[in-house]
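Computed from a predicted model, the values in this text were never measured in an experiment. Values below: every heavy atom of this structure, side chains too, minus hydrogens, waters and symmetry copies. We count ligands from 1, going down the list as the structure has it; atoms in each ligand are counted the same way.
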Amino acid sequence: MTLLKGKVAIITGATRGIGKGIAKKFAQEGADIAFTYVSSGSAAQEVERELAAYGVKAKGYQSNAGDLKSTEELVDQVLADFGNVDIVINNAGITKDGLLMRMTEDNWDDVMNINLKSVFNMTKAVLRTFLKNKNGVIINMSSVVGVQGNAGQSNYSASKAGIIGFTKSVAQELGSRNIRSNAIAPGFIATEMTEKLDEKVVEGWLQDIPLKRAGTPEDVANVALFLASDLGAYVNGQVISVCGGMMT
Ligand code: NAD
């Protein structure tokens, strides 16, 4: 399939989980992939190999999504290596959960920087290219807890709610330039991030999810593909939940 043939996508945090799932799906659809990682160079090389097997160009870059200067340097390097950028997926994210009573300032700042400021950083860094191209797709990874809130995740929920406000504002500001900005709100997706959750909490969630299963990175990647490709050409400023009906 070739829904993204000739497109260049930047995906942040793609050596595992949802980011890796999106990278594989996009590569299968013909996109060249530039992705970021934080520390594991060997995992990044393995992902490069997996993606290249689909016959596309793929390269991993060590880059901290929470840092504007690093992100600007990353985009410059991707432009030098790939010649263009058409799609950005702001996927990188962390949790530092805890009840507010015990949450430290660092827990708050780290989550805000990596989850929310990262989205500002990347959007700023690609903006000139997208405006020049009169074309661009931005997909931001929010969460159902960004819409609903969640006890013990006030920092994370606030960062994911902030992403929604940013996404909608950018959609209104840049829609006239043919730049689309949408958010995905995953529910409970089985990845390394959710592996560390308490078993009892997970059991409770599975009971509450109408589809009675956790989502997979591929479930999220399919929606990202819809938004990134021309299938989603008239979808702008939306938050699409991928949660098995958890948030209804
Ligand atoms: P994950 O922990 O498996 O993957 C997150 C990725 O982000 C990792 O590759 C990590 O290295 C990268 N990352 C972390 N800090 C970074 C930084 N400073 N710069 C660049 N990359 C960085 O998590 P996941 O479950 O795959 O989550 C992906 C995204 O989806 C996150 O934004 C997460 O908040 C969101 N999300 C996940 C779920 C879920 O149930 N798994 C639900 C809702 C939203």
Exercise for the section: Without swapping roles, check the side chain of Gln62 against the backbone of Val38 for a donor-acceptor pair under 3.5 Å. Expected result: yes
Handout entry: Contact (N/O only, under 3.5 Å) between Arg16 and ligand 1
Key = yes
Problem - Where Asp219 and Val242 come nearest, the two heavy atoms and their spacing - result: O-CG1, 3.8 Å
Exercise for the section: Would you mind running through ligand 1 and noting each atom that sits below 4.0 Å from a heavy atom of Gly17? Expected result: 26 (O)
Exercise for the section: Return the residue, atom name and 0.1 Å-rounded distance of the protein heavy atom closest to atom 32 (O) of ligand 1. Expected result: Asn91 O, 2.7 Å
Exercise for the section: Answer yes or no: does an N/O atom from Thr12 fall short of 3.5 Å to an N/O atom of ligand 1? Expected result: no
Completion exercise
The single option from Asp32, Ile33, Leu51 that satisfies side chain to side chain contact (heavy atoms under 4.5 Å, CB included) with Lys57 is Asp32
Handout entry: Residue portion contacting ligand 1 (non-hydrogen atoms closer than 4.0 Å) for Val38
Key = side chain
Completion exercise
Taking only non-hydrogen atoms of Met141 and a 4.0 Å limit, the atoms of ligand 1 in range are 29 (C), 30 (O), 35 (C)
Practice task
Tell me which protein heavy atom sits closest to atom 40 (O) of ligand 1, plus the residue, atom name and distance to 0.1 Å.
Solution key: Ile189 N, 2.8 Å
Problem - Polar proximity ligand 1 side, Phe188 side, N/O cut 3.5 Å exclusive - result: no
Problem - Close N or O approach (Tyr37, ligand 1; < 3.5 Å) - result: no
Exercise for the section: Assess the side chains of Ser118 and Asn121: does a donor N or O sit below 3.5 Å from an acceptor N or O? Expected result: no
Problem - Closest protein heavy atom to atom 19 (N) of ligand 1, given as residue, atom name and distance to 0.1 Å - result: Ala65 N, 2.9 Å
Problem - Ile94 backbone acceptor or donor facing Asn115 side chain under 3.5 Å - result: yes
Problem - Region of Ser142 engaging ligand 1 - heavy atom pairs below 4.0 Å - result: backbone
Practice task
Would you mind checking which non-hydrogen protein atom is closest to atom 6 (C) of ligand 1, with the distance to 0.1 Å?
Solution key: Gly13 O, 3.6 Å
Practice task
Would you check whether Gly187 has a nitrogen or oxygen atom less than 3.5 angstrom from a nitrogen or oxygen atom of ligand 1?
Solution key: yes
Problem - From Ile18 atom CD1 to Ile11 atom CD1, the distance as rounded to the nearest 0.5 Å - result: 12.0 Å
Handout entry: Sub-4.5 Å side-chain heavy-atom contact between Phe82 and Ile10
Key = no
Exercise for the section: Ignoring angles and geometry beyond distance, decide whether Thr191 reaches within less than 3.5 Å of ligand 1 through its nitrogen or oxygen atoms. Expected result: yes
Handout entry: Any non-hydrogen protein atom less than 4.0 Å away from atom 10 (C) of ligand 1
Key = no
Exercise for the section: Could you tell me whether some N/O pair between Thr194 and ligand 1 is separated by less than 3.5 angstrom? Expected result: no
Problem - Numbered atoms and elements of ligand 1 in range of Ile94, under 4.0 angstrom, heavy atoms - result: 14 (C), 15 (N)
Exercise for the section: Compare all side-chain heavy atoms of Ile240 with those of Asn182 and state whether any distance is below 4.5 angstrom. Expected result: no
Handout entry: Ala14-ligand 1 polar pair, N/O distance under 3.5 Å
Key = no
Practice task
Would you confirm whether Thr191, through its side chain, and Met193, through its main-chain N or O, come within 3.5 Å as a donor-acceptor pair?
Solution key: yes
Handout entry: pair Gln153-Lys160: side-chain heavy atoms closer than 4.5 Å
Key = no
Exercise for the section: Evaluate side chain to side chain contact (heavy atoms under 4.5 Å, CB included) for Val119 paired with Ile138, printing each intermediate quantity in order. Expected result: CA-CA 9 Å; Val119 179; Ile138 300 161; 5.6 Å; no
Completion exercise
Looking only at protein heavy atoms, what sits closest to atom 23 (O) of ligand 1 is Met193 CB, 3.3 Å
Problem - Heavy-atom nearest neighbour in the protein, as seen from atom 5 (C) of ligand 1, with distance rounded to 0.1 Å - result: Gly93 O, 3.8 Å
Fill in the blank from the handout: Judged by heavy atoms only, the candidate from Ser70, Gly21, Cys243, Pro186 nearest atom 43 (C) of ligand 1 is Pro186
Completion exercise
Looking only at protein heavy atoms, what sits closest to atom 26 (O) of ligand 1 is Ile18 N, 2.8 Å
Handout entry: Side-chain donor/acceptor of Asp86 to backbone N/O of Val8, under 3.5 Å
Key = yes
Handout entry: Check: Val75 main-chain N/O paired with Gln77 side-chain donor or acceptor under 3.5 Å
Key = no
Completion exercise
With heavy atoms and a 4.0 Å threshold, my read on which part of Lys20 contacts ligand 1 is neither
Handout entry: Residue Tyr156 vicinity, atoms of ligand 1 by number, heavy atom under 4.0 Å
Key = 33 (C), 34 (O), 35 (C), 36 (N), 43 (C), 44 (C)
Exercise for the section: Side-chain contact test, heavy atoms from C-beta onward, threshold under 4.5 Å: evaluate it for Val137 versus Leu227 and give yes or no. Expected result: no
Fill in the blank from the handout: ligand 1 atoms nearer than 4.0 angstrom to some heavy atom of Thr15 are 9 (O)
Exercise for the section: Could you list which atoms of ligand 1 come closer than 4.0 Å to a heavy atom of Ser63? Expected result: 19 (N), 20 (C)
Handout entry: Asn91 backbone acceptor or donor facing Thr12 side chain under 3.5 Å
Key = yes
Completion exercise
Here the atoms of ligand 1 under 4.0 Å from any heavy atom belonging to Asn64 are 17 (C), 18 (N), 19 (N)
Exercise for the section: For Glu29 and Leu3, indicate whether the former's side chain and the latter's backbone hold a donor-acceptor pair under 3.5 Å. Expected result: yes
